[in-house]
There are 2 protein chains.
Amino acid sequence: MSNCDTCLVRNRAICAALAPDELGALAKLGRKQMVTRGQTLVWEGDEALVVANVIQGVLKLSVSTADGREQIVGVVFPSDFIGRPFGKESPYGVTALTDAEVCVFTRAAFDGFAKEHPDLQHKLLERTLDELDRARQWMMLLGRKTASERIATLLLEISNRLGSTSCSAITPFLNEFDLPMDRQQMGDVLGLTIETVSRQLTKLKEADMIALPDRRRVVIKDRRRLENIALAA
Amino acid sequence: MSNCDTCLVRNRAICAALAPDELGALAKLGRKQMVTRGQTLVWEGDEALVVANVIQGVLKLSVSTADGREQIVGVVFPSDFIGRPFGKESPYGVTALTDAEVCVFTRAAFDGFAKEHPDLQHKLLERTLDELDRARQWMMLLGRKTASERIATLLLEISNRLGSTSCSAITPFLNEFDLPMDRQQMGDVLGLTIETVSRQLTKLKEADMIALPDRRRVVIKDRRRLENIALAA
DNA sequence: GCGGGGCATTGACCTAGGTCAAAAGCCTAT
DNA sequence: ATAGGCTTTTGACCTAGGTCAATGCCCCGC
């Protein structure tokens with residue numbers, strides 16, 4: 001059973017739709033769980049037995065072909081919802097990109113609760129619609145953008161998502177942050193190889209739009225120019 | 001005002017969630033509208049003032065870059081729902097690929113109605129979740145599949161979508177059908193050029209997996225083999 | 001401080017698919 | 001039937017990004 005009072009995402013997760021007493025009822029159904037980097041929460045193709053809220057950390061949703069090609073089809077940040085309610089099997093796997101903490105529910109219990117709480121369902125619908133819009137924007141990226149446009153878009157996207165997640169969210173984005181993924185995973189989000197990711201990053205660095213103090217860290221030095229590239233203008 | 005009694009998609013569209021009296025109330029808010037091929041119902045970036053159910057025909061959802069590259073991010077068939085309820089501006093345009101008939105609602109009216117009808121929202125949520133899964137499958141295609149895998153996947157997908165739409169839905173797919181789009185549009189769905197689409201189609205034809213009696217018509221002659229290619233196995 | 005295992009970068013080369021241009025079908029209107 | 005304007009196909013060539021192979025870098029344990 002979770003303690004929602006101290007929950008870091010209490011006001012941003014779908015739980016925000018609930019009144020205190022309803023929240024208590026939902027809390028009885030869920031439990032907090034730690035996930036370590038690389039750990040898989042749900043396997044692609046398995047029956048989706050759980051749904052969850054992300055409290056801390058970043059996870060990926062990914063799909064693979066029989067011959068081992070992988071595509072990351074979603075990246076999930078704190079306060080985001082994970083899983084496929086009312087569903088059968090999960091069409092993608094869910095794996096932690098960083099150490100993470102999630103608030104897990106069995107799907108059966110969650111589905112039942114959701115059916116009784118239209119406000120929760122409404123919140124979930126809004127989130128799913130947003131997620132769908134984001135997926136579609138990403139389809140444009142994957143179908144039509146060049147490698148440098150993809151990299152620029154990814155950096156800005158992460159900057160924004162981390163920004164709106166961070167506690168001290170005065171700005172809606174961060175100009176300096178740690179990537180929640182390695183080069184291979186960047187490639188898997190962008191439909192590129194690790195080498196292309198690396199080359200494009202050095203290009204942006206040489207053009208002085210970003211700095212890369214170490215493997216994980218990114219400093220955005222010229223957001224305007226980066227946005228221009230990302231928009232494919 | 002629509003006459004739902006004779007509606008072709010009465011039992012498959014989200015309206016199926018409603019009892020007869022509720023349906024009557026909803027019908028008062030909507031009206032049937034014909035759309036001719038090429039006509040745009042919603043412009044990318046415009047405030048999304050309408051939502052709709054597709055009664056007949058096929059429409060595309062598409063996104064463009066400033067410099068004119070286009071990506072089709074969704075293809076909508078009869079009984080599917082169009083639009084972004086509870087939203088601000090539409091992140092994609094909606095254009096008819098074939099002549100079509102839709103049942104349109106102003107977003108404001110629909111949103112209001114939906115808020116009062118949890119069953120309708122539930123149905124909408126399920127559909128949106130399905131749509132999201134489909135979008136993610138397509139991200140895998142756009143990010144990681146080869147040209148021939150993409151073409152095979154598209155042909156099978158259309159065969160399935162048209163199959164489950166057709167009245168005489170004994171089989172869940174059709175082995176012979178008219179493409180609801182031209183070569184350019186196939187390219188725009190698949191993230192390919194028109195030339196590549198054409199070349200890959202002739203390859204599949206030469207390998208005797210399909211026949212192409214005319215511009216639009218497709219006959220699937222060896223579904224098994226086509227599926228093997230599509231799965232990227 | 002030294003060695004080893006991972007990541008990341010860089011370089012040299014290759015290829016799937018893009019680009020550009022021409023030909024071939026096809027519909028429609030005369 | 002025939003001309004004109006489409007869409008589609010085919011061909012020749014090019015290039016962005018993939019592949020393969022070093023090399024470099026960083027971190028950690030000894």
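We name chains A, B, ... by the order of the sequence lines, and we start the count at 1 in each one.
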Output every pair passing ring pair (Phe, Tyr, Trp, His ring centres under 6.0 Å) with a member in residues 212-233 of chain B, not counting sequence neighbours, ordered by first then second residue. none
Trp138(B) side chain to Gly74(B) backbone, donor-acceptor under 3.5 Å: no
Salt bridge check, Asp214(B) against Arg216(B): does any charged N sit closer than 4.0 Å to a carboxylate O? no
Selection: residues 188-201 of chain B, any non-hydrogen atom under 4.0 Å of DNA chain C: Gly191(B), Leu192(B), Thr193(B), Glu195(B), Thr196(B), Arg199(B)
For Arg84(B), enumerate each residue passing the salt bridge (charged side-chain N to carboxylate O under 4.0 Å, His left out) test, keeping only those at least two apart in sequence or located in another chain. Asp130(A), Asp133(A)
The single option from Leu97(A), Ile82(A), Val102(A) passing side chain to side chain contact (heavy atoms under 4.5 Å, CB included) against Val76(A): Ile82(A)
Counted 5' to 3', the first and last nucleotides of DNA chain D within 4.0 Å (strictly under) of a heavy-atom of chain B are dT7(D) to dA12(D)
In whole angstroms, how far is the C1' atom of dA8(C) from the CD atom of Gln185(A)? 14 Å
Using heavy atoms to find the nearest nucleotide of DNA chain D for Arg183(B) and Asp214(A) separately, return the residue whose nucleotide is more 5′. Arg183(B)
So, Asp182(A) and Arg215(A), do they make that salt bridge, N to O below 4.0 Å? no
Could you tell me if the side chain of Lys221(A) sits less than 4.5 Å from the side chain of Asn175(A), heavy atoms only? no
Got a salt bridge between Arg217(B) and Asp178(B), using NZ or NE/NH1/NH2 to carboxylate O under 4.0 Å? yes
Is the closest basic N to carboxylate O distance between Asp80(A) and Arg127(A) below 4.0 Å? yes
Polar pairs (N or O, both sides) under 3.5 Å between protein and nucleotides 3-6 of chain C?
from	atom 1	to	atom 2	distance (Å)
dG6(C)	N2	Arg215(A)	NH2	3.0

Flag, side chain of Gln71(B) to backbone of Ser64(B), donor-acceptor distance under 3.5 Å: no
May I ask you to list the residues of residues 135-159 of chain B, by number, that have any heavy atom positioned under 4.0 Å from an atom of DNA chain D? none
Is there a donor-acceptor pair closer than 3.5 Å between any side-chain N or O of Arg150(B) and the backbone N or O of Leu190(B)? yes
Has the side chain of Ser159(A) got a donor or acceptor atom that lies under 3.5 Å from a matching backbone atom of Phe173(A)? no
Does the side chain of Ser148(B) come under 3.5 Å of the side chain of Lys203(B) through a donor N or O and an acceptor N or O? no
